[in-house]
Asker: 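To start, I am sharing the structure in question, which I have written as structure tokens.
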Amino acid sequence: ANRITRRFEGKMSPEVLSKFRNSVLVYYAGTCREKIEHLGELPVPTQVHFADYLKGGFDKQYPDHLPPSPSFGTSEELRAFFDRAHELGHLVIPYTNPTWWCDHPRGPTFEREGEAPLLRLLDGKLSYEMYGRNDGYTVCHWHPAVQAANRETVRQFTEDYPVDVLFQDQCGARGWHYDTNPASPTVYAYTDGLLSMIEEDCRRTPLSTESGWDRVVNAESQLCGMTWAIVPTEGGPEWRTLMKEQYPPSTWEVFPLAQYIAHDKVAMIHHDLGQFVTNREVLAWTLGLGFSLSYRTGAAGLQNPGNLGWLQWLDRLQKSVCSRYVGQPLTDFSHDRGAAAMAHDGVMRSEFGDLQITANLGPESRM
């Protein structure tokens with residue numbers, strides 16, 4: 001037995017579960033006032049995901065996420081946004097990141113606690129991180145100050161601003177480290193510390209995270225990612241290279257290991273910040289892999305008929321097709337590139353529960 005035992009339907013209330021299955025995740029950009037103004041234009045329900053509220057900006061001043069940035073809105077406006085979204089029937093899923101503390105500038109918690117809560121490598125040095133122009137340090141999840149900071153974030157998003165699902169970035173994407181911080185029970189306990197955090201947090205609210213692996217599946221309700229190298233989504237990061245550009249397509253085929261292990265335990269979508277379903281090719285891949293649908297738009301952009309029309313199409317497919325396979329086990333799968341292995345990606349056939357999907361990944365009609 002692999003000890004992955006918590007089924008998807010047991011991880012959230014029946015009301016949230018029904019909305020979750022039937023909703024597209026939308027990264028919804030804009031100020032708080034803009035968000036409130038255009039909430040009524042989103043399909044009901046929508047998973048409303050956003051990061052532009054963050055106190056210091058994106059990847060700035062963690063672990064302090066609140067109060068919201070003045071450029072975004074006031075604390076009262078943020079609460080009004082949550083209340084209005086819930087009144088309309090949406091799910092609210094804000095972005096957080098409890099896995100590193102940012103520098104330049106340091107937030108109030110980092111300033112107060114200093115460097116004692118940070119992970120220490122075997123040579124005693126800090127584990128430095130940089131994303132774009134933002135930098136900081138990996139934390140030791142066994143340290144009381146790290147635990148206290150995360151518990152305060154969870155408290156804020158379960159009491160002050162009640163979420164439906166809390167997104168915690170990188171909890172399913174981080175690599176393994178040695179950690180010689182005195183708070184760690186052993187030098188190889190870094191990952192267990194992170195896992196203990198999400199096991200605690202999932203008892204307060206459903207969780208979503210970036211990417212995923214087997215040890216996070218019991219705690220998480222949604223995994224976002226795992227498709228950078230195979231699905232040709234638009235606007236990917238500079239470092240992204242499709243696998244078919246690295247290895248001759250005739251030498252490999254897709255095998256959905258994550259879905260076989262966990263499709264009945266978690267919902268799956270593409271990366272929450274950088275991968276969205278924006279065209280028919282990506283849509284075919286998404287359905288064939290058993291993923292839910294996602295989109296990115298500015299709040300004011302919903303007034304664009306093209307943006308809104310595509311989102312409404314995704315919403316219809318989510319409700320009619322995807323909702324039927326979310327949380328269902330993958331029971332059969334095949335990927336056939338056919339004779340045109342070098343030109344197109346072929347056909348995927350998958351079966352989730354009693355639902356069969358045939359996804360044509362190329363531009364030509366097939367019988």
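All heavy atoms count here, side chains included; hydrogens, waters and symmetry mates do not.
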Asker: Angle between ring planes, Y95 versus H49, binned at 30° and 60°: parallel, tilted or perpendicular?
Answerer: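 Y95 and H49: tilted rings.
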
Asker: Using a 3.5 Å distance criterion without hydrogens, assess whether the side chain of N307 forms a donor-acceptor pair with backbone atoms of G301.
Answerer: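 A pair under 3.5 Å: yes.
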
Asker: Regarding D214 and N2, do their side chains bring together a donor and an acceptor under 3.5 Å, going by distance alone?
Answerer: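 Not at all, the side chains of D214 and N2 share no donor-acceptor pair under 3.5 Å.
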
Asker: Does one hydrophobic cluster hold both L273 and Y62, with members joined at side-chain heavy-atom distances below 4.5 Å?
Answerer: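 Yes, L273 connects to Y62 through the hydrophobic network.
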
Asker: Do the ring planes of W228 and W239 sit parallel (below 30°), tilted (30 to 60°) or perpendicular (above 60°)?
Answerer: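 Aromatic pair W228/W239 classed perpendicular.
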
Asker: Please work out which of the three classes, parallel, tilted or perpendicular, describes the rings of Y161 and F157, given edges at 30° and 60°.
Answerer: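 F157 vs Y161 ring planes: tilted.
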
Asker: Please check if F20 and I269 belong to a single hydrophobic cluster, counting links between Ile, Leu, Val, Met, Phe, Trp and Tyr side chain heavy atoms closer than 4.5 Å.
Answerer: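 Different clusters.
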
Asker: Can you tell me how the ring of F110 sits relative to the ring of Y137, calling it parallel under 30°, perpendicular over 60° and tilted otherwise?
Answerer: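 Aromatic pair F110/Y137 classed perpendicular.
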
Asker: Closest heavy-atom contact between L66 and L78?
Answerer: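 Nearest pair, atom of L66 first, then L78: CD2-CD2, 3.8 Å.
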
Asker: Output yes when a side-chain donor or acceptor of T209 lies under 3.5 Å from a complementary backbone atom of Q168, and no otherwise.
Answerer: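 Yes, because the side chain of T209 sits within donor-acceptor range (under 3.5 Å) of the backbone of Q168.
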
Asker: Please verify the inter-ring angle class for F276 with Y27; under 30° counts as parallel, over 60° as perpendicular, anything in between as tilted.
Answerer: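 Ring orientation of F276 relative to Y27: tilted.
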
Asker: I'd like to know if the side chain of E200 and the backbone of M197 have a donor-acceptor N/O pair within less than 3.5 Å.
Answerer: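 Not at all, since once roles are kept as given, no pair shorter than 3.5 Å links the two residues.
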
Asker: Please check if the side chain of W310 supplies one atom and the backbone of N279 the other of a donor-acceptor pair under 3.5 Å.
Answerer: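 No, the answer is negative, given that no donor and acceptor are paired below the 3.5 Å cut-off.
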
Asker: If you apply the rule side-chain hydrogen bond (donor to acceptor under 3.5 Å, both in side chains), what do you find for Q222 with Q47, and how did you get there?
Answerer: CA-CA 12 Å; Q222 183 181 58; Q47 296 175 39; 3.2 Å; yes

Asker: Any side-chain to backbone donor/acceptor pair from S350 onto G288? Under 3.5 Å, distance only.
Answerer: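 Yes: the side chain of S350 pairs with the backbone of G288.
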
Asker: Are N97 and H65 linked by a side-chain donor-acceptor pair shorter than 3.5 Å?
Answerer: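 The answer is no; no qualifying pair exists.
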
Asker: Could you tell me if the side chain of D64 sits less than 4.5 Å from the side chain of W101, heavy atoms only?
Answerer: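 Of all side-chain heavy-atom pairs linking D64 with W101, none is under 4.5 Å.
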
Asker: Distance from L223 atom CG to E210 atom CD, nearest 0.5 Å?
Answerer: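 The distance works out to 11.0 Å.
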
Asker: Is it true that V282 and L25 fall in one hydrophobic cluster, defined by side-chain heavy atoms closer than 4.5 Å?
Answerer: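 Each belongs to a different hydrophobic cluster.
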
Asker: Closest approach of V266 and K11, non-hydrogen atoms and distance?
Answerer: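 That closest heavy-atom pairing would be CG1-NZ, 3.7 Å.
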
Asker: Are L257 and I230 joined in one hydrophobic group, where the rule is that I, L, V, M, F, W and Y side chains link up if heavy atoms are under 4.5 Å apart?
Answerer: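 Both belong to a single hydrophobic cluster.
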
Asker: Report yes or no: do N134 and K60 form a side-chain donor-acceptor pair below 3.5 Å?
Answerer: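 Side-chain D/A pair, N134 to K60: present.
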
Asker: Do R337 and W252 form a cation-pi contact, if we require the NZ or CZ to be under 6.0 Å from the six-membered ring centre and within 45 degrees of the ring's axis?
Answerer: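 Yes, R337 lies over the aromatic ring of W252.
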
Asker: Between Q318 and S323, does a side-chain hydrogen bond (donor to acceptor under 3.5 Å, both in side chains) hold up when you go through it step by step?
Answerer: CA-CA 6 Å; Q318 180 70 38; S323 64; over 6 Å; no

Asker: Counting only heavy atoms not in D123, do more than 12 sit closer than 6.0 Å to its CG atom?
Answerer: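 Buried by this count: over 12 neighbours within 6.0 Å.
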
Asker: For Y260, give me all partners under ring pair (Phe, Tyr, Trp, His ring centres under 6.0 Å), at least two apart in sequence or on another chain.
Answerer: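 With neighbours one apart ignored, the set is F255.
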
